[in-house]
> 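Before I ask anything, here is the structure I am working with.
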Amino acid sequence: MKIGFIGLGNMGGPMAANLAKAGHDVTAFDMSAAALDKAAAAGITRATTAAGAAAGSQAVVTMLPAGQHVRSVYLGDTGILAGAAPGTLFIDSSTIDVATAREVHAAAGERRVSFLDAPVSGGVGGAAAGTLTFMVGGEEAAFERARPLLEKMGKNIFHAGGAGTGQAAKICNNMLLAISMIGTCEAFVLAEKLGLSHETLFRISSTASGQCWSLTSYCPVPGPVPASPANRDYQAGFTAAMMLKDLKLSQNAAQASGAATPLGAQATALYTMFEAAGAGTKDFSGIIQMLRGRLGS
Ligand code: NAD
């Protein structure tokens, strides 16, 4: 299949490489020459504009930083929707706000082309290994057309529902993750003050009602889960800055929809403080150091 790919950063680079490795004819564009050089080495053809990457493609995947970049690439007279051939399938895997995703869905509908919002989880490691989780919003028929491509980049592919529900799933999940991580960190900090060892709290809570993924798969103290970033001085993993981006999206969506998310708001405030203290590039589980009052030590 002839595929256009726009946005070859930490995530998009390895995702596009996996499509090329699977035998697809991939033409890509990024504003960074270094990203294009790397892609060329993986067998990807360079384009000089986003429209050039999209031209003649049956499917186009975009992996851009935020909503404003998605708008500028898709919309307007020079956007990739303007020149799209009927029947082209567009898949946006960037994590962006639900409102922008729905706006692009509507614009695609006017042009009689298909669009899916398809954000991912699984990080840079998952992008390289082709094991990402895709959360997809859009029409069922478009989802079924996209599935074989998404399976070349990911392992778990979910159809979340109509326009924007992929982005909704992503921000709801990550808001829950932030809250559960902070709660897990607080439990360990309190245990330290009360003379209860990390190992003992882990052994009890991982089989009791406090059990959650932040504890059992991504434990924020060293020891109980050897693969967790706590064992390597909170080297990311999933950076606190990325978590804060997703939390802000969740709070904008909560405000726009009238949902009460007081713990999501508190988690956003805590990660804002963590980033302001210079820890944005640390893993998000490193927030335990701030709760201990030991940032930087
Ligand atoms: P990145 O900053 O590494 O890559 C973004 C790329 O887009 C860059 O190479 C940049 O040059 C390019 N770009 C920006 N504007 C462009 C334009 N107008 N035309 C063409 N190229 C343009 O970011 P990333 O880590 O690859 O993340 C991409 C998206 O995936 C973000 O929305 C992020 O929230 C989401 N995400 C990231 C991770 C992660 O662990 N990195 C995990 C899940 C989801």
Side-chain angles (χ1 to χ4, degrees), residues 4-18 26-40 42 44 46-55 60-76 78-82 90-98 100-101 104 117-136 150 153-156 158 166-167 169-175 177-178 218 229 235-250 252 271 275 280-285:
F5 205 108
I6 299 160
L8 299 164
N10 293 323
M11 296 293 287
M15 289 165 71
N18 280 332
V26 183
T27 301
F29 174 67
D30 192 293
M31 293 194 315
S32 147
L36 278 170
D37 287 346
K38 215 165 153 190
I44 292 164
R46 295 157 181 269
T48 51
T49 60
V60 179
V61 182
T62 50
M63 192 51 164
L64 298 160
Q68 80 228 44
H69 308 94
V70 171
R71 277 170 194 275
S72 83
V73 165
Y74 276 89
L75 304 178
T78 54
I80 55 178
L81 290 180
F90 291 89
I91 303 168
D92 179 41
S93 284
S94 327
T95 301
I96 64 168
D97 57 291
V98 174
T100 297
V104 181
D117 55 292
V120 299
S121 72
V124 178
T131 56
L132 293 169
T133 294
F134 281 87
M135 294 152 260
V136 187
L150 301 182
M153 300 182 281
K155 202 168 70 172
N156 298 308
F158 293 104
Q167 298 295 349
K170 167 89 184 174
I171 59 174
C172 290
N173 179 73
N174 280 12
M175 185 182 77
L177 172 61
Y218 215 84
Q235 198 186 312
F238 184 50
T239 64
M242 284 276 183
M243 176 53 94
L244 181 57
K245 174 194 167 185
D246 294 353
L247 282 168
K248 285 178 178 167
L249 290 172
S250 79
N252 289 341
Y271 277 102
E275 187 179 61
T281 57
K282 287 276 181 194
D283 188 79
F284 80 109
S285 61

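Keep in mind that this is a model prediction, so the values were computed, not measured. Order of appearance sets the numbers: ligands from 1, and atoms from 1 within every ligand.
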> Is Lys170 touching ligand 1 with its side chain, its backbone, both, or neither, if touching means heavy atoms under 4.0 Å apart?
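Looking at Lys170 and ligand 1, just side chain atoms fall under 4.0 Å.
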
> Can you tell me the protein heavy atom closest to atom 18 (N) of ligand 1 and the distance?
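Atom 18 (N) of ligand 1 sits closest to the protein heavy atom Val73 CG2, 3.5 Å.
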
> When rounded to the nearest 0.5 angstrom, what distance separates CG in Asp246 from CD1 in Ile171?
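If we round to the nearest 0.5 Å, Asp246:CG and Ile171:CD1 are 8.5 Å apart.
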
> If you have a sec, work out which protein heavy atom is nearest atom 3 (O) of ligand 1 and how many Å separate them, to one decimal?
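Ranking protein heavy atoms by distance from atom 3 (O) of ligand 1, first comes Asn10 N, 2.9 Å.
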
> Would you find a donor on one side and an acceptor on the other, under 3.5 Å apart, between the side chain of Gln167 and the backbone of Ser94?
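Flag set: sc Gln167 to bb Ser94 pair under 3.5 Å.
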
> Sub-3.5 Å donor-acceptor pair from the side chain of Ser93 to the main-chain atoms of Ala118, do we have one?
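Yes, because the side chain of Ser93 sits within donor-acceptor range (under 3.5 Å) of the backbone of Ala118.
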
> Considering only heavy atoms from C-beta outward, does the side chain of Asp92 approach that of Asp117 to under 4.5 Å?
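Sidechains of Asp117 and Asp92: no contact.
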
> Any side-chain heavy-atom pair from Leu64 and Val73 closer than 4.5 angstrom?
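Yes. Closest side-chain heavy atoms under 4.5 Å.
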
> Out of all atoms in ligand 1, which are within 4.0 Å of some heavy atom of Phe29? Include the element for each.
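By the 4.0 Å cutoff, the relevant atoms are 19 (N), 20 (C).
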
> In the protein, which heavy atom is nearest to atom 40 (O) of ligand 1, and how far is it?
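So the nearest neighbour among protein heavy atoms is Gly123 CA, 3.5 Å.
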
> In terms of residue, atom name and distance, what is the protein heavy atom nearest to atom 10 (C) of ligand 1?
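Its nearest protein heavy-atom neighbour is Asp30 OD1, 3.5 Å.
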
> Report yes or no: does Asp30 contribute a side-chain atom to a donor-acceptor pair with the main-chain N or O of Ala35 at less than 3.5 Å?
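No, Asp30 side chain to Ala35 backbone: no donor-acceptor pair under 3.5 Å.
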
> Check the orientation of Tyr74 and Phe90. Use parallel for under 30°, tilted for 30 to 60°, and perpendicular for over 60°.
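The arrangement is perpendicular - the two ring planes meet at more than 60°.
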
> Does Leu64, backbone or side chain, put an N or O under 3.5 Å from an N or O of ligand 1?
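For ligand 1, there is an N or O atom that lies under 3.5 Å from one belonging to Leu64.
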
> Kindly confirm or rule out an N or O of Asp246 lying under 3.5 angstrom from an N or O of ligand 1.
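No - when backbone and side-chain N and O of Asp246 are compared with those of ligand 1, no distance drops under 3.5 Å.
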
> Report yes or no: does Asp283 contribute a side-chain atom to a donor-acceptor pair with the main-chain N or O of Phe238 at less than 3.5 Å?
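Judged by distance alone, yes, a pair lies under 3.5 Å.
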
> Can you list the ligand 1 atoms lying under 4.0 Å from a non-hydrogen atom of Ser94?
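So the answer, numbered in order with elements, is 32 (O).
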
> Based purely on interatomic distance, does Met11 place a nitrogen or oxygen under 3.5 Å from a nitrogen or oxygen of ligand 1?
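Yes; at least one N/O pair falls below 3.5 Å.
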
> Which of the numbered atoms in ligand 1 are under 4.0 angstrom from any heavy atom belonging to Lys245?
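Per the distance check, 31 (C), 32 (O), 33 (C), 34 (O).
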
> Among all the protein's non-hydrogen atoms, which is closest to atom 4 (O) of ligand 1, and how far away is it?
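Scanning the protein heavy atoms, the shortest distance from atom 4 (O) of ligand 1 goes to Gly9 CA, 3.2 Å.
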
> Identify the protein heavy atom lying closest to atom 35 (C) of ligand 1, giving its residue, its atom name and the separation to 0.1 Å.
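Nearest protein contact, heavy atoms only, for atom 35 (C) of ligand 1 is Thr95 OG1, 3.6 Å.
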
> Within the structure, is a non-hydrogen atom of Pro65 found at a distance of less than 4.0 Å from ligand 1?
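It does; at least one heavy atom falls under 4.0 Å.
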
> Starting from atom 30 (O) of ligand 1, find the nearest protein heavy-atom neighbour and note its residue, name and distance.
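Answer, as residue, atom name and distance: Met63 CE, 3.1 Å.
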
> Can any side-chain N or O of Lys170 pair as donor or acceptor with the backbone N or O of Val120 at less than 3.5 Å?
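Side chain of Lys170 to backbone of Val120, a donor-acceptor pair under 3.5 Å: yes, one is there.
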
> Is His69 touching ligand 1 with its side chain, its backbone, both, or neither, if touching means heavy atoms under 4.0 Å apart?
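It is the side chain that touches ligand 1; the backbone stays farther off.
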
> Given the protein's heavy atoms, is any one of them under 4.0 Å from atom 25 (O) of ligand 1?
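Given the 4.0 Å cut-off, atom 25 (O) of ligand 1 counts as touching protein heavy atoms.
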
> Check each of Leu177, Asn174, Thr239, Leu247 against Phe284 using the side-chain contact (heavy atoms from CB on, under 4.5 Å) test, and report the only one that passes.
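With Phe284 as partner, side-chain contact (heavy atoms from CB on, under 4.5 Å) holds for just one option, Leu177.
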
> Considering only heavy atoms, does Ile6 approach ligand 1 within less than 4.0 Å through its side chain, its backbone, both, or neither?
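Within the 4.0 Å criterion, Ile6 contacts ligand 1 through side-chain atoms alone.
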
> Could you measure the distance from the OG1 atom of Thr133 to the CG atom of Leu150? Nearest 0.5 Å is fine.
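Reported value, rounded in 0.5 Å steps: 11.5 Å.
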
